[in-house]
Amino acid sequence: MSVQEPERRISAVPELLRNGLLVIGPDRPRLLVTALFAAAIGVLETILLFIVAAVAIALSGDRASVQIGPAGFQLELPIQTTAYLGLGLIVLLLILSIPFARLQASLSARAMVRLRGRIVRAYLSASLHYRETHREGLLQQLAGEYSHLAENSVQQLTLACVTLCMLAAILLGAVVSAPLISLGMMVVLAACGALLAPLMRRMRQDAATPTIINRELSGRVAQTNRISEEIAAYRVKDAVAAYLETEIRGAAAAMGKLRFEGRLAPSLFQYGAIGVVLIFVALIAGSRAVEVGGLATLVLLLVRALGYVRQLQRSVHIAREMAPYIDAIEVELDALERNAWPSAGVEIEALAPIAFRNVSYAYATGSPVLRDVQFTIDPGEMVGVVGPSGSGKSTLTGLMLKLRNPDSGAILVGDLELDRVSDLAWARLTAYVPQESRLVFGSVADNIRFFRDGFGIAEVEAAARAAHVHDEIMRLPEGFETRIGPGARGLSGGQRQRVSIARALLARPQLIVMDEPTSALDQHSETLIGQTLEELKGQTTIVLVAHRPATLKICDRIFELKHGVLREAALPVHVG
Ligand SMILES: Nc1ncnc2c1ncn2[C@@H]1O[C@H](COP(=O)(O)OP(=O)(O)OP(=O)(O)O)[C@@H](O)[C@H]1O
């Protein structure tokens, strides 16, 4: 299943507003302050335009003084004083524009921090079972690309609010300067806008297409990244590139169409509107119904207002493109939060016998992977788990680590159901060595600590010694501070596995679950891991999924899984 596909529907303006407000969340009062700030700047800008028009008229009429203000309230000022007044206003506008820009930028930045934080937490808190139902790359998509686009939609909403307030101030100025004519012009301009309605409707219909195609594309790119080694080994790069290029071309075609329409509509509106203003000017100037000064100011204000209308159109257009992403974030976040894995529970300090009582588990309803599994492991025991591929061994370890809950039956720790034990308490008592250990980008010490605070370098080194990898780490250029992981220095498979064992041993767990720790390792690493197991035997409870008889021979007991059914095998075990 991929990220929820939003329906391809046209987002109306109120819906876009709702989307933006949703992402802005608790910062709505900040948005209001920004809008009020914009209105104040709009008023100052309108006054500046009044001044510019008045100075221009005075200069063209060769007069030493200018008349500013609407008819009936005009002020007569010397031309120089007026120019300095205008300059003063410009300085004020420049000074105000700094906090104003900061306020606008902070809205989208804060929204992005909140949204990304919420996505990451929701993803990491969701049950493994829920996360497995998604295509890979879900977190990258939501916290990376989608959040970036959501931030853009907040920017557009902020810009639209700001533009609307400034537009309102300018239009108010126009109405004040020549009420009847400006209202008449506005009505005709609105009618011109209505003529463009069919093109706008078409743009709305096309707006969702590129975003949906892009979403598909990024999922496929994530997959290509993961399988890049296999692509190189199978020499299928041309086929994979061709497969991706088909998607890329589809996205580009849809985007190109949308961009074309997006550029055309505002230009048509802009030139049409200026044409309408000029027709008005020609008609009115002939009839001398209004004095030239008022008309010039009005034209200046309306042309400026047209710039704002164009900006508004752009913002709505971009917000519309972003809408499917915000829909998807909303749907996914909701689902992730509904599927949160409960972390609260009973605190326990020490491991007690672990008992599986008729435990069954299925990934898909009707095809159980584990059936009525029963066993008890006492503290300090070392138990091997064998079975053919796909028999349910990893599923069993997942249940033991409390990464999944049984569909039926119960897992007990002493008398307590594991389900009721606090997640953190269980994590403190247990550790996991996966089949394929993964490094994070950071120092060797960071990799052993693995995001857990409170462990000094002495403890890290002790864990590395216990995992028999200490000396090899010391031979690295910067010892425990050497950077390793994706994008940095690599380690051999055997070293990686032993760093992973050091990671598991660091917090001195009472139960260690190892999923085939020696499969596909060289003899040297296998021997060293064997030594670690010998040293842990009797002190730590160990569940060891393994194939090799050499690894299994130190186990106290062996469980054999076949088609989801578990039975205890006699020692020595023969693994087929
Ligand atoms: N996330 C999943 N979603 C659906 N089915 C799954 C999932 N993980 C495992 N399975 C299925 O459950 C069955 C048991 O898988 P599991 O990984 O537990 O087997 P295993 O014994 O550990 O195999 P292997 O030795 O190959 O690692 C398999 O049929 C597998 O296809």
Side-chain angles (χ1 to χ4, degrees), residues 1-3 123-139 219 222-223 226-227 230 332 335-336 339-341 354 356 358-375 377 382-409 411 418 430-438 493 496-497 500-501 504 511-521 526 529 542-552 555 557-569 573-576:
M1 191 170 90
S2 66
V3 170
Y123 180 83
L124 293 175
S125 306
S127 71
L128 191 61
H129 180 74
Y130 180 75
R131 280 187 265 156
E132 280 166 353
T133 59
H134 281 84
R135 179 179 64 190
E136 67 186 325
L138 172 69
L139 182 62
Q223 173 180 279
R226 183 177 52 85
I227 58 169
E230 285 86 342
E332 268 323 314
L336 285 168
N339 285 283
W341 184 251
I354 301 169
F356 272 50
N358 297 94
V359 169
S360 296
Y361 185 86
Y363 291 97
T365 332
S367 12
V369 171
L370 295 178
R371 302 158 197 260
D372 285 329
V373 169
Q374 297 243 45
F375 62 81
I377 301 175
M382 185 178 287
V383 172
V385 181
V386 298
S389 176
S391 58
K393 303 180 296 293
S394 301
T395 309
L396 184 83
T397 60
L399 285 162
M400 211 174 277
L401 288 163
K402 200 173 180 282
L403 302 177
R404 314 175 182 283
N405 274 337
D407 293 335
S408 61
I411 304 171
L418 181 57
T430 60
Y432 176 50
V433 180
Q435 197 165 354
E436 197 191 318
S437 45
R438 285 181 238 278
R496 205 165 52 221
Q497 193 66 303
S500 173
I501 292 175
L511 165 69
I512 303 180
V513 176
M514 296 189 176
D515 198 348
E516 313 220 21
T518 55
S519 70
L521 287 195
E526 190 181 348
I529 292 176
I542 295 184
V543 173
L544 184 65
V545 175
H547 274 115
R548 302 193 187 187
T551 317
L552 288 164
C555 291
R557 285 190 295 153
I558 305 287
F559 295 155
E560 190 176 11
L561 262 173
K562 239 184 216 160
H563 306 301
V565 177
L566 184 137
R567 67 173 187 87
E568 197 164 335
V573 70
H574 300 285
V575 184

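In listed order, ligands and their atoms are each counted from 1. All values below were derived from every heavy atom in this structure, side-chain atoms included, with hydrogens, water molecules and symmetry-related copies excluded.
- In this structure the side chain of L566 reaches within 4.5 angstrom of the side chain of L396, judged on heavy atoms.
- Residue Y123 holds its OH atom at 10.5 Å from CD of E332, rounded to the nearest 0.5 Å.
- Near ligand 1, heavy-atom contacts under 4.0 Å come from E132, Y363, V369, P388, S389, G390, S391, G392, K393, S394, T395, Q435, E516.
- In the model, Y363 has a side-chain atom that pairs as donor or acceptor with a side-chain atom of T395 under 3.5 Å.
- M514 contributes atom CE, which lies 11.5 Å from atom OG of S437 (distance to the nearest 0.5 angstrom).
- Note: L418 CG to I354 CD1 = 8.0 Å, rounded to the nearest 0.5 Å.
- Classification of the Y361-H129 ring pair by plane angle, with boundaries at 30° and 60°, yields perpendicular.
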